[in-house]
Amino acid sequence: MVYVKNEGGSIFFSTHIVSDLENIADRIIFIHKGKLIFTKNKSEFSKEESIGNVMLNYIKEGENK
């Protein structure tokens, strides 16, 4: 990923595999059913507030409405 490092570019990576996000992403953008839910730097997530848990909680809250 020399382009991203040297040129400041971005790569859009879509996955349902949270471990992929945790391993390679610097910034997480969560889109659910076509709606932007949040955008955060990976460093903003705490150990207790894992990326996967935040996403699952949002989806569960939406189902309960």
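Start at 1 with the first residue, then count along the sequence. These numbers come from a predicted model, not from an experiment.
Take Ile29 and apply the side-chain contact (heavy atoms from CB on, under 4.5 Å) test, not counting sequence neighbours, and it matches Ile31, Leu36, Thr39. Listed by chain and number, the residues in a side-chain contact (heavy atoms from CB on, under 4.5 Å) with Lys42 are Ile51 (sequence neighbours excluded).
Contact annotation: the side chain of Val54 approaches that of Phe38 to within less than 4.5 Å [non-hydrogen atoms, C-beta and beyond].
Sorted by first then second residue, the salt bridge (Lys or Arg N to Asp or Glu O under 4.0 Å) pairs that include residues 27-38, not counting sequence neighbours, number zero.
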Under 3.5 Å, which donor-acceptor pairs link side chains of residues 14-22 to any protein atom two or more places apart or in another chain?
residue, atom, partner, partner atom, Å
Thr15, OG1, Ile17, N, 2.9

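Between Tyr58 and His32, the two ring planes are perpendicular [angle over 60°; tilted spans 30° to 60°].
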